[in-house]
Amino acid sequence: MSQWKNFSKGFIRENPVFILLLGLCPALGVTSSAVNGLGMGLATTFVLVMSNIVVSLIKDLIPAKVRIPSFIVVIASFVTIVHLVMEAYVPALFEALGLFIPLIVVNCLVMGRAEAFASKKDTGSAIIDGLGMGLGFALALTVLGGVREVLGSGSLFGFPFIEGDGMLVFVLAPGAFIAMGYLIPLNNMLKKKTE
Amino acid sequence: MAKRESTFLNMVLTLLIVTAVASFTLASVYNLTKEPILRAREETRQAAIRLVVPEFDELVMRRFMPPTGSDSLEFNLVYRGDELVGVAVSTYTGMGYSGRIRAMVGLDPEGRIIDVVHLEHAETPGLGDKIDKSRSDWSDQFRDFDPGARDLRVVSDGGEVDAITAATITSRAYCDALSRAYQTFIANKESIINREGK
């Protein structure tokens, strides 16, 4: 597999949210606006890339039976670092995402990439895989957040274009599922076209 | 994968080293970010205080127990020269639609509300989040509200506060938070006005 394919698979072909259906808790929970989705996506990308690097570096030193606990410690450490750094330097974003940051630990996407990819491949491929998958995740969350924000609040990236409120249901939890339900087939159509 | 055997000693050693390295890294990051985090929190608090009281040149923080409720309230007494010009009370309510709501209430020395701003809430987006000043001007009706002369409850409870449409529970909760601040102020008025207590 070429490195370009390795990188680009996360966007449409193996999109973590729309195809693999991984990490749905943050994907549905934080995406009430495009900015929240993007912030969460980028935080996850950082954790994913860093944990992929470390896991691929230490893969030969870890006995098979304790690999999962070791990976979890690595991932949890990076999540805590993101948590602390975000609260210290971008308090506004932290206020919006704070509750969901610790949930990156149990995001099956991060664990899944560590187990299925990084622990079997070299560091270079692992970085590219983490970057591609993470940005694909960020893209999916931004699109989902954008759709919900446009329909629900009548704004995009915080810039309003209609007066008053939109269809509030899209900002609430059910709207996340509805928007998701329409975006999955849309992504599948795109996937068929690119094949 | 797994060039090393999964022997008991190997596993224990691996986990020990992994957790030790992780703890060391986290401890260093924590030390690095401790100061900025405290500063960011303090800035948020200061900004909220400045929003609800007139300009001041001295701030004294004291805590008082409210007549009802489980936690003490933080009273930020602000002085211009020797004169008390306002009190910014960080208050709370447990009656919110989803979880606790915290708000900063500015009171003048007579107990009239100068202005209010929410600090933290998890109310429904689009409905209850109208308590947020950036979302709607609903909370402007509390400006110059005198809880001693007017009834600080929503209209449907017999009071004089217009509730947010479709978010009566949130509005009621917000009134509860504000009146907690006012009640505590009245109960401790002597000690607050009297500068000796500082």
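Residue numbers start from 1 in every chain, and the chains themselves are labelled A, B, ... in the order their sequence lines are given, proteins ahead of strands.
Counting non-hydrogen atoms of neighbouring residues, nucleotides and ligands closer than 6.0 angstrom, the OH atom of B/Y97 reaches no more than 12 such neighbours. With a 6.0 Å radius and a threshold of 12 heavy atoms from other residues, nucleotides or ligands, B/E110 has its CD atom above the threshold. Enclosure of atom NZ in A/K65 is not indicated, since only 12 or fewer non-hydrogen atoms of other residues, nucleotides or ligands lie within 6.0 angstrom. Around the CD atom of B/E42, the shell of radius 6.0 Å holds more than 12 heavy atoms that belong to other residues, nucleotides or ligands.
Between the CD atom of A/E87 and the CG atom of B/L38 there is a distance of 9.0 Å, given to the nearest 0.5 Å. Here OG1 of B/T25 is found 8.0 Å from CZ of A/F78. Values are rounded to the nearest 0.5 Å.
The heavy-atom pair separating A/A88 from B/A40 by the smallest distance is O-CB, 4.2 Å. The two atoms that bring A/Y89 and B/T33 nearest to each other are CE1-CG2, 4.4 Å, heavy atoms only. Considering all non-hydrogen atoms of both residues, B/L15 and A/P69 come closest at CD2-CB, 4.1 Å. When every heavy atom of A/P63 is checked against every heavy atom of B/T14, the shortest pair comes out as CD-OG1, 3.2 Å.
Residue B/R39: no heavy atom, backbone or side chain, is found under 4.5 Å from chain A. Residue A/L84 touches chain B through both its backbone and its side chain, counting heavy-atom pairs closer than 4.5 Å.
Residues forming a ring-ring contact (aromatic ring centres under 6.0 Å, His included) with A/F11 (at least two apart in sequence, or on another chain): A/F7.
By the 4.5 Å heavy-atom criterion applied to side chains, B/V18 and A/V66 are not counted as neighbours.
Clustering ILVMFWY residues whenever any of their side-chain heavy atoms sit less than 4.5 angstrom apart, transitively, puts B/V89 in the very cluster that holds B/I113. In this structure, B/V105 is a member of the same hydrophobic cluster as B/I164, with clusters built from ILVMFWY side-chain heavy atoms closer than 4.5 Å.
Top candidate by heavy-atom pairs under 4.5 Å with chain B, chosen from A/P91, A/A76, A/S77, is A/S77. Of the listed residues B/R41, B/E35, B/E120, the one with more heavy-atom pairs under 4.5 angstrom with chain A than any other is B/R41.
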Taking only distance into account, with no hydrogens and no angle test, what donor-acceptor pairs under 3.5 Å do side-chain atoms of residues 175-193 of chain A form with protein atoms, sequence neighbours excluded?
none

